[in-house]
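Only one structure is covered here, and it is reproduced in the block below.
Values below: every heavy atom of this structure, side chains too, minus hydrogens, waters and symmetry copies. The chains referred to below are lettered A, B, ... by the order of the sequence lines, with proteins before strands, and numbering in each begins at 1.
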2 protein chains.
Amino acid sequence: MVYTGLYDFMRLQRQAPDPLYLQIKDGLIAAIRAGDFAPNERLPSERELSEQYDVSRMTVRQALLSLVRDGVIYTRVGKGTFVAAPKIDQQLRTLTGFSQDVQARGGRPSSRVLDADVVNAAPEVAAALRITPQSEVIRLVRLRLSDDLPLAVEKAYLPFVRFPGLLTHDFAVESLYAVLEHDYGLALTQAEQVLEAVVADAEEVRLLELTAPAAVMRMQRLTVDSDGEPVEYVLSSYRGDRYKFRFALQAGR
Amino acid sequence: MVYTGLYDFMRLQRQAPDPLYLQIKDGLIAAIRAGDFAPNERLPSERELSEQYDVSRMTVRQALLSLVRDGVIYTRVGKGTFVAAPKIDQQLRTLTGFSQDVQARGGRPSSRVLDADVVNAAPEVAAALRITPQSEVIRLVRLRLSDDLPLAVEKAYLPFVRFPGLLTHDFAVESLYAVLEHDYGLALTQAEQVLEAVVADAEEVRLLELTAPAAVMRMQRLTVDSDGEPVEYVLSSYRGDRYKFRFALQAGR
DNA sequence: CGTATAGACCGGTATAGACCATTTTGTGCT
DNA sequence: AGCACAAAATGGTCTATACCGGTCTATACG
């Protein structure tokens with residue numbers, strides 16, 4: 001067991017090459033972004049692509065199906081595969097994190113990192129992220145401010161194996177969502193939230209500079225990627241007097 | 001071209017059978033819903049399922065991948081395929097009134113009408129409903145209970161001119177949404193909500209049988225009909241310790 | 001000239017088999 | 001009893017092939 005640490009180190013450094021279908025997917029994305037294919041233009045057929053990349057047609061299909069899921073392309077039986085029209089509002093395709101949220105309200109967001117480390121997952125966290133209990137998770141605890149006034153305490157948990165180099169970023173400056181999107185190519189589009197009103201506990205009173213008794217809104221959010229895989233589990237406490245949660249409801253289509 | 005209509009008719013009548021993988025998918029969904037598999041319980045392995053359904057493993061995988069995309073199941077290499085925790089999404093994305101909401105959580109909803117009258121609209125109410133200030137509005141104040149325990153105080157305001165006979169109903173028994181739907185033919189499909197955590201005031205402490213200090217979630221909701229016309233403006237106060245707001249967020253498309 | 005129709009091409013579905021990395025289980029040794 | 005290691009089981013990836021029904025086009029027919 002002498003080399004376990006070293007092995008883990010190497011395993012993390014030299015990450016395994018992506019599977020073929022992901023390489024093909026990335027190649028097609030790059031080609032589309034480079035303008036090789038205009039919106040609504042036909043891509044080479046699956047059989048042609050399988051020749052070009054020298055893989056079986058099924059492997060090409062796996063790449064294409066993934067792109068369809070991400071909304072990059074669409075298919076028509078008998079006609080071909082086409083580049084999807086670019087989204088009108090690209091920012092709205094991502095879920096808004098704290099920074100964008102505050103900005104949208106006209107505030108100036110800032111953050112103070114209280115904790116940024118790797119810990120063993122508590123049972124609740126492991127269950128939410130659907131990882132084995134006690135496995136390593138990144139813990140990122142931040143105090144969130146709007147115009148230099150404390151607004152929320154936010155504890156984010158992410159599976160370490162998936163984002164080994166995440167903590168090299170300075171999250172007092174960078175947005176977690178932005179890093180996940182740009183460095184890991186994740187499109188965060190779905191989340192489940194639970195909101196609850198409680199009387200602030202001692203820690204919340206101290207960090208949010210409240211005077212007891214005060215009310216806080218506790219939020220728990222589970223964000224999943226386009227494959228439905230849990231990406232982050234966030235526990236937040238918002239000052240009740242400075243934060244209102246607005247959203248629109250719409251009945252089942 | 002004489003028989004085109006007949007051909008279309010037959011084509012619609014005799015719809016093609018679903019592909020195998022969709023049949024398998026539906027079968028698994030039915031089994032899960034029927035309770036054959038509890039949340040986080042392991043499903044039969046892909047190889048077992050391919051024997052049971054007498055199809056190839058790839059076909060089973062196609063069904064399973066589709067279920068993963070839908071968030072119904074999740075997979076873990078080397079371990080198996082598991083039923084996902086039930087989605088909040090389903091019913092709660094639709095616009096529900098208090099009664100349906102409580103029922104969906106397994107509770108027995110009831111109501112006590114505290115006020116049911118016609119008053120002149122306060123400025124805030126008039127602005128929300130987009131009617132002229134001081135015009136008449138129906139005010140319906142109800143204490144909402146789940147299993148006979150106070151859960152919320154709800155003040156609903158509706159424009160009187162639009163629902164003159166509304167107060168002939170007994171809203172201790174009938175659901176406001178049901179009456180609006182059946183008697184006025186309204187399909188309530190859109191609403192805007194604002195949530196806020198506050199320390200309960202004296203009235204809330206008394207009505208909700210709280211012991212101060214306690215936290216309540218104040219909600220204001222503006223419901224509009226399919227024409228975008230405001231229908232009701234509701235101010236609610238939910239006991240923080242008995243009510244959690246769950247909902248799904250989805251970006252883009 | 002218009003129009004059927006055959007054939008080529010397209011994505012969608014399905015098969016059978018192979019190998020991989022991860023995880024659990026079982027076995028046999030100390 | 002405890003532990004190391006092999007074996008079994010699992011989902012993930014990939015190949016090669018086949019057939020289906022929808023779509024388009026060129027060609028032959030009336």
Side-chain angles (χ1 to χ4, degrees), chain A residues 1-4 7-8 10-12 14-26 28 41-69 73-84 126 130-135 159 161-162 227-229, chain B residues 1-4 7-8 10-11 14-26 28 41-69 73-84:
Chain A
M1 286 297 99
V2 179
Y3 292 108
T4 302
Y7 171 72
D8 285 347
M10 290 180 60
R11 186 166 57 87
L12 294 175
R14 183 204 71 76
Q15 49 187 349
D18 278 342
L20 282 179
Y21 78 93
L22 283 184
Q23 296 178 34
I24 295 170
K25 176 183 176 182
D26 290 342
L28 290 174
E41 186 179 336
R42 228 200 90 203
L43 291 178
S45 76
E46 297 177 352
R47 289 163 181 87
E48 285 170 358
L49 286 173
S50 85
E51 273 199 19
Q52 288 179 24
Y53 285 98
D54 194 30
V55 298
S56 82
R57 190 183 151 210
M58 289 302 291
T59 302
V60 168
R61 273 185 66 77
Q62 209 169 344
L64 293 180
L65 283 174
S66 178
L67 287 171
V68 169
R69 271 204 329 259
I73 61 175
Y74 61 93
T75 59
R76 290 291 174 267
V77 176
K79 304 184 74 170
T81 303
F82 304 85
V83 177
R130 295 203 287 259
I131 57 179
T132 58
Q134 295 290 323
S135 61
V161 287
R162 211 167 156 197
D227 293 327
E229 198 68 18
Chain B
M1 284 298 99
V2 180
Y3 292 108
T4 301
Y7 170 73
D8 286 347
M10 289 179 61
R11 189 165 56 87
R14 183 203 71 76
Q15 54 186 345
D18 276 343
L20 282 178
Y21 79 94
L22 283 184
Q23 296 179 35
I24 294 171
K25 177 182 176 181
D26 290 342
L28 289 174
E41 185 179 339
R42 227 200 91 202
L43 292 178
S45 74
E46 297 177 351
R47 289 164 180 85
E48 286 170 0
L49 286 173
S50 85
E51 275 200 18
Q52 289 180 24
Y53 285 97
D54 194 30
V55 297
S56 80
R57 191 182 149 213
M58 289 302 292
T59 302
V60 168
R61 273 184 67 75
Q62 209 170 346
L64 293 179
L65 284 174
S66 177
L67 288 171
V68 168
R69 278 205 320 264
I73 61 175
Y74 61 94
T75 59
R76 288 292 174 266
V77 177
K79 303 180 82 169
T81 303
F82 304 85
V83 177

Test side chain to side chain contact (heavy atoms under 4.5 Å, CB included) applied to [X] - qualifying residues, sequence neighbours left out:
X     : answer
B:R76 : A:R130, A:E229, B:Y74, B:K79, B:F82
A:E41 : A:F37, A:A38
A:I73 : A:I32, A:L43, A:L64, A:L67, A:V68, A:T81

Would you please confirm or rule out a distance under 4.0 Å between OP1 or OP2 of [N] and any side-chain N or O of [X]?
X     : N      : value
B:S56 : C:dG17 : no
B:T75 : D:dG11 : no
B:K79 : C:dT22 : no

Inset, instruction - Work out which heavy atom in A:P159 is nearest to a heavy atom in A:I131; give both atom names and the distance. - result: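 What the structure gives for the nearest pair is CB-CG2, 4.4 Å.
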
Inset, instruction - Locate the shortest heavy-atom distance separating B:A63 from B:I24; write the atom from each residue and the value. - result: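 Distance-wise, the nearest heavy atoms are CB-CG2, 3.8 Å.
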
Legend entry - Contacts of B:S66 that satisfy side chain to side chain donor-acceptor pair (under 3.5 Å) - sequence neighbours left out: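 Side chain to side chain donor-acceptor pair (under 3.5 Å) list for B:S66, sorted by chain: B:K25.
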
Inset, instruction - Check side chain to side chain donor-acceptor pair (under 3.5 Å) between B:T59 and all other residues, then give those that pass, not counting sequence neighbours. - result: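 Per chain and number, B:T59 pairs via side chain to side chain donor-acceptor pair (under 3.5 Å) with B:S56.
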
Gap between atoms [atom1] and [atom2], on [X] and [N] respectively (whole Å):
X     : N      : atom1 : atom2 : result
A:L22 : D:dG12 : CG    : C1'   : 11 Å
A:D18 : C:dC20 : CG    : P     : 19 Å
A:R76 : D:dC24 : CZ    : P     : 12 Å
A:I73 : C:dG12 : CD1   : C1'   : 14 Å
B:L20 : D:dG21 : CG    : P     : 14 Å
B:Y74 : D:dT10 : OH    : P     : 16 Å
A:L43 : C:dG11 : CG    : P     : 9 Å

Legend entry - Proximity to DNA chain C (any heavy atom under 4.0 Å), residues of residues 57-66 of chain B only: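 By residue number: B:R57, B:M58, B:T59, B:Q62.
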
Legend entry - Selection: residues 45-53 of chain A, any non-hydrogen atom under 4.0 Å of DNA chain C: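 Under 4.0 Å from DNA chain C: A:S45, A:E46, A:R47, A:E48.
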
Legend entry - Relative orientation of the end axes in the helix from C:dC1-D:dG30 to C:dT30-D:dA1, expressed as an angle to the nearest 10° (five pairs per end):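 Inter-axis angle at the termini of the helix from C:dC1-D:dG30 to C:dT30-D:dA1: 20°.
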
Legend entry - salt bridge (charged side-chain N to carboxylate O under 4.0 Å, His left out): pairs with one or both residues in residues 47-58 of chain A, sequence neighbours excluded: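 Qualifying pairs, neighbours excluded: A:E46-A:R57.
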
Legend entry - Shortest side-chain distance from A:Y21, nucleotide among D:dT13, C:dA21, C:dG12: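 So the side chain of A:Y21 is nearest to D:dT13.
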
Inset, instruction - Ignoring the backbone of B:P19, work out which of D:dT23, C:dA14, D:dG12 is nearest its side chain. - result: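 Given the options D:dT23, C:dA14, D:dG12, the side chain of B:P19 is closest to C:dA14.
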
